[in-house]
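Okay, so here's the structure we're looking at.
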There are 2 protein chains.
Amino acid sequence: MLKLTKKADYGLMALKFLAEHPERPALSAKDVADAYGIPAQLLAKILQQLTKSGLLRSTAGMNGGYALAREARSISAYEVILAIDGPFFITSCSKGKTGCELTTNCTIKEPLARVNETIAGVLKSISIQDLAEHEPPAARERNARELVALTL
Amino acid sequence: MLKLTKKADYGLMALKFLAEHPERPALSAKDVADAYGIPAQLLAKILQQLTKSGLLRSTAGMNGGYALAREARSISAYEVILAIDGPFFITSCSKGKTGCELTTNCTIKEPLARVNETIAGVLKSISIQDLAEHEPPAARERNARELVALTL
DNA sequence: TAGTATACGACCGTTTCTGTCGGAATTACA
DNA sequence: TGTAATTCCGACAGAAACGGTCGTATACTA
């Protein structure tokens, strides 16, 4: 628990890989899959999801493939995870509207919701560019104060 | 994904409940389960885990039950989650020692490891006491600077 | 010794995750 | 025009995790 799915991992890796090869107009799912030893068909589906979410643009046919739809700097890890795994809530009860059905006073939800936002904030502060560069530098200092505001 | 298991939720609720009733020397698993509508036997197992981890102390027999082993203020949500769900890594690949087997250059792991530590830091900053009080106050300002240091 | 409670292991049904298969539509190029 | 490369899409199967139950043993109190 509290773990990214492999799909999300794969998706992040793939986007990172694309960000590292801006010279190529497009890379096929197989190219990326081979580079990382990821099951090709599975990665294909993941990239399709990312395309539908607008993070990638795709071209079919020969020499087709995928490329980043926006600048690597402007795509956050949060968006990727959201696109692949859907919205996440740290509490297992909050299903959106109804909230906790079982319990009238599930008061733990409220503080944990804040944790949730913190996590989201951190993930939003990390861009694909940051992943591509080994020592992620910029996103750090930049968001320090925001993050504190979010968390506390 | 990125979600606490129900077990962890239940565990947190139970500890919160115990923290709210310091006058009672011990509360049985059934007492707590009834209070929240949690399956009694399931909660019992969870409380046993928490006991083995040293967060609770238990007494068998009549008028027995569970009580906090330490002050509510000194038990963090992190410890509870750790005791119930085991150690968590946000990346699905890192299994501890070997790291990423598949990939030679799974460079996404390194930035995400930092996210992982951030989450852990936030969870460590929340105590059972904070959960018991509705508007969790103290842990906030207190850890602001630490947290930033951790995250960024 | 009877009743209440924890302790512990086995088990099972459901869901989620991971991965595969098959086929259709699209594009480039010879 | 035909072929190969490639995205696109749904269905499905195996595996793992999760949630919950059952039975039984053990410990404590009155």
Side-chain angles (χ1 to χ4, degrees), chain A residues 1-11 13-14 18 24-34 36-53 55-67 69 81 84-89 91-93 95 101-102, chain B residues 1-11 13-14 18 24-34 36-53 55-67 69 81 84-89 91-93 95 101-102:
Chain A
M1 62 94 245
L2 224 48
K3 185 180 300 188
L4 294 181
T5 61
K6 275 191 183 172
K7 284 189 190 177
D9 267 6
Y10 293 162
M13 287 194 244
L18 291 176
R24 304 275 299 272
L27 288 169
S28 75
K30 188 166 186 311
D31 288 340
V32 182
D34 288 353
Y36 288 108
I38 300 172
Q41 302 198 80
L42 180 55
L43 182 63
K45 268 205 302 202
I46 294 168
L47 296 180
Q48 284 158 28
Q49 276 186 278
L50 293 172
T51 303
K52 271 209 302 198
S53 302
L55 300 179
L56 296 177
R57 60 174 178 72
S58 66
T59 57
M62 275 188 80
N63 302 322
Y66 298 91
I81 295 169
I84 295 173
D85 288 340
F88 58 80
F89 304 97
T91 49
S92 51
C93 49
K95 293 254 179 69
E101 317 83 9
L102 299 171
Chain B
M1 61 95 246
L2 224 49
K3 187 180 301 188
L4 295 181
T5 61
K6 274 191 183 171
K7 285 188 191 177
D9 267 5
Y10 292 161
M13 287 194 245
L18 291 176
R24 303 276 298 274
L27 289 169
S28 74
K30 189 166 185 312
D31 288 340
V32 182
D34 288 351
Y36 288 109
I38 300 172
Q41 301 199 83
L42 179 56
L43 182 64
K45 268 203 302 199
I46 295 168
L47 296 180
Q48 284 158 28
Q49 276 185 278
L50 292 173
T51 303
K52 271 210 303 199
S53 303
L55 299 180
L56 294 179
R57 59 172 180 74
S58 66
T59 58
M62 272 188 81
N63 303 321
Y66 298 91
I81 295 169
I84 295 174
D85 288 340
F88 59 79
F89 303 99
T91 50
S92 50
C93 48
K95 295 252 177 73
E101 318 83 12
L102 299 171

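Only a predicted model underlies this, so the values are computations on that prediction, with no experimental measurement involved. Every chain is numbered from 1, with letters handed out A, B, ... down the list of sequences.
Atom CG in Leu27(B) sits roughly 11 Å away from atom P in dA5(C) (whole-Å rounding). Taking atom CG of Leu56(B) as the reference point, atom C1' of dA7(C) lies 14 Å away to the nearest angstrom. If you measure from atom CZ of Arg57(A) to atom C1' of dT6(D), you get 15 Å, rounded to the nearest angstrom. The interatomic distance linking Leu42(B) (CG) with dT21(D) (C1') rounds to 10 Å, in whole Å. Rounded to whole Å, the distance from NZ on Lys3(A) to P on dT16(C) is 17 Å. For Lys30(B) and dT21(D), the NZ to C1' distance is 16 Å, given to the nearest whole Å. Look at CG on Leu4(A): it is 15 Å from C1' on dT16(C), rounded to the nearest Å. Lys7(A) has its NZ atom 18 Å from the P atom of dA15(D), to the nearest Å.
Of all non-hydrogen atoms in Pro25(B) and Arg57(B), the two that sit nearest each other are O-NH2, 3.7 Å. Of all the heavy atoms in Ala40(A) and Ala33(A), the pair that sits closest is CA-CB, 3.6 Å. The nearest pair of heavy atoms linking Ala29(B) to Leu43(B) is O-CD2, 3.5 Å. The two residues Ile46(B) and Gly11(B) have their closest heavy-atom pair at CG2-CA, 4.0 Å. Considering every non-hydrogen atom in both Gln48(B) and Tyr66(B), the closest pair reads CG-OH, 3.5 Å.
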query: Going through the distances and angles, do Thr5(A) and Ile81(A) end up as a side-chain contact (heavy atoms from CB on, under 4.5 Å)?
result: CA-CA 9 Å; Thr5(A) 61; Ile81(A) 295 169; over 6 Å; no
Verdict with reasoning, Ile84(B) to Leu4(B), per side-chain contact (heavy atoms from CB on, under 4.5 Å): CA-CA 10 Å; Ile84(B) 295 174; Leu4(B) 295 181; over 6 Å; no
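Remark: Ser58(B) engages no residue in a side chain to side chain donor-acceptor pair (under 3.5 Å) (not counting sequence neighbours).
Within residues 43-53 of chain A, the residues approaching DNA chain C are Lys45(A), by heavy-atom distance under 4.0 Å.
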Atom pairs, protein N/O to nucleotides 22-28 of chain C N/O, distance under 3.5 Å:
| unit_1 | atom_1 | unit_2 | atom_2 | d |
| --- | --- | --- | --- | --- |
| dT26(C) | O2 | Gly61(A) | N | 3.4 |
| dT27(C) | O2 | Met62(A) | N | 3.2 |

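In terms of modelled atom types and a separation under 3.5 Å, the side chain of Asp31(A) and the main chain of Ser28(A) share a donor-acceptor contact.
Checking the phosphate oxygens (OP1, OP2) of dC18(D), no side-chain nitrogen or oxygen of Tyr10(B) falls inside 4.0 Å.
Comparing dC17(C), dA7(C), dC8(D) by their nearest atom to the side chain of Ser58(B) picks out dA7(C).
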